[in-house]
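The structure appears right after this line, and notes come after that.
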Amino acid sequence: MQDLPSDRDALQALLDFHVEAGVDLALDETPHNRFAEPKPEPAQAKAPAPKASPAPAPPRALPKAAASAPEEVAGMAREQARHAQSLEELEAILAGFDGCALKFSAKNLAFADGNPEGRVMLVGEAPGADEDRIGKPFMGRSGQLLDRMLATIGLDRSQVYVANIVPWRPPGNRTPTPQEIAICKPFIARQIELASPEFLLCLGGPAAQNLLGIKDGILRTRGRWFTYKTEDGREVKALPTLHPAYLLRQPLQKRLGWRDFQALRRALDGRE
Ligand code: URA
């Protein structure tokens, strides 16, 4: 392991550097290959080993499901998601699903917020630190901006339903991997099907690409209406737009986000 500085200020500076870089979650003392099967116990030692300093804790093994091939786990996810007959059932199934390794580093499942009866469903990427702590999507700064944007078209969370394509926080807020998204996708697909919104707002590229099957980046697709098809054959009008976290970093682009929200308002009023 890397030599650590011994004085307090240098240690604090090192810690701050990591937190700023997004490494704000301590999983273990040493790196582990979490896809590897646990090693078999060594054969019984003949003589008792001399007393040494306490051995480092063994790596925490992931449940078998999370260590299986992603396609196999995605198949299990599809099977389980299909069984949910209500959003409450789906949340309970997801809470008991061990196939996505993110579950084991996250504090909470951030399943949904808002009103599932609303005409609009918004889907983002994945929870961040605030959402992980609270257990609901869009609770932090992005969520506050989202609320302000909704307010400009006369909506609030009591009128819309909010979720993410991945319901557990990726460590350090990294982008979820394609495998993690593929594993979680059957759940968000079923969530959309059960909520059955009239309009779907895809917040950011990953939500738009994964839900609508489009390859182009969000700056090319935002503001254009697409059709989202549920597995049971219903069609939902879907609008990709810029993610509020991106708008916080690029405030000049807020005008594009504002245009998209105006388009949603017109659609809600039957003017689009
Ligand atoms: N970003 C997302 O995509 N979702 C959240 O819930 C929070 C931030």
Side-chain angles (χ1 to χ4, degrees), residues 19-25 87 90-91 94-95 100 102-103 105-116 118 120-151 155-185 187-189 191-192 195 197 199-212 214 217-219 221-222 228 238-251 253-254 256-257 260-261 264:
V19 170
E20 262 172 45
V23 187
D24 57 358
L25 190 69
L87 290 165
L90 184 67
E91 182 172 4
L94 196 48
C100 180
L102 293 177
K103 174 181 179 181
S105 54
K107 290 193 179 73
N108 281 302
L109 168 70
F111 180 69
D113 191 36
N115 181 357
V120 182
M121 179 166 177
L122 298 93
V123 181
E125 185 177 325
D130 293 313
E131 293 73 22
D132 186 39
R133 188 171 41 79
I134 297 166
K136 287 182 179 179
F138 286 101
M139 291 285 119
R141 286 184 66 223
S142 304
Q144 287 158 15
L145 177 57
L146 185 61
D147 288 344
R148 290 201 294 278
M149 294 174 76
L150 287 168
L155 294 177
D156 62 31
R157 295 235 188 166
S158 70
Q159 292 155 299
V160 301
Y161 187 52
V162 186
N164 282 307
I165 49 172
V166 168
W168 291 285
R169 181 195 185 202
N173 293 347
R174 65 163 170 75
T175 305
T177 64
Q179 286 84 356
E180 287 159 356
I181 294 176
I183 288 167
C184 295
K185 195 168 159 191
F187 293 107
I188 185 64
Q191 199 170 351
I192 297 170
F199 300 99
L200 182 66
L201 208 58
C202 301
L203 301 170
Q209 288 164 346
N210 285 288
L211 293 177
L212 305 176
I214 46 185
I218 191 69
L219 286 168
T221 52
R222 59 141 286 275
Y228 175 84
L239 186 67
T241 188
L242 301 171
H243 193 288
Y246 170 79
L247 297 179
L248 286 170
R249 293 192 302 274
Q250 303 284 339
Q253 301 285 49
K254 280 185 189 163
L256 297 179
D260 300 344
F261 275 62
L264 174 64

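In each ligand, atom 1 is the first atom listed, and ligand 1 is the first ligand listed.
Of all non-hydrogen atoms in Thr175 and Glu125, the two that sit nearest each other are CG2-OE2, 3.6 Å. Residues Asn173 and Gly128 approach most closely at OD1-CA, 3.6 Å, considering heavy atoms. Across all non-hydrogen atoms, the minimal contact from Leu109 to Glu91 is CD2-O, 3.9 Å. Heavy-atom minimum distance, Arg157 versus Gly143: NH2-O, 3.4 Å.
Of all atoms in ligand 1, numbered sequentially from 1 with element shown, those under 4.0 Å from a heavy atom of His243 are 1 (N), 2 (C), 3 (O). Distances below 4.0 Å separate heavy atoms of Gly124 from the following atoms of ligand 1: 3 (O). Using a 4.0 Å cut-off to heavy atoms of Pro137, the atoms of ligand 1 that qualify are 6 (O). Close contacts of ligand 1 with Glu125, meaning ligand atoms under 4.0 Å from a residue heavy atom, involve 2 (C), 3 (O).
Looking only at protein heavy atoms, the nearest one to atom 4 (N) of ligand 1 is Asn164 OD1, 2.8 Å.
The structure places CG of Leu248 at 5.0 Å from CG of Leu145, a figure rounded to the nearest 0.5 Å.
The nearest non-hydrogen atom to atom 5 (C) of ligand 1, considering only Ala126, Ala110, Ala245, comes from Ala126.
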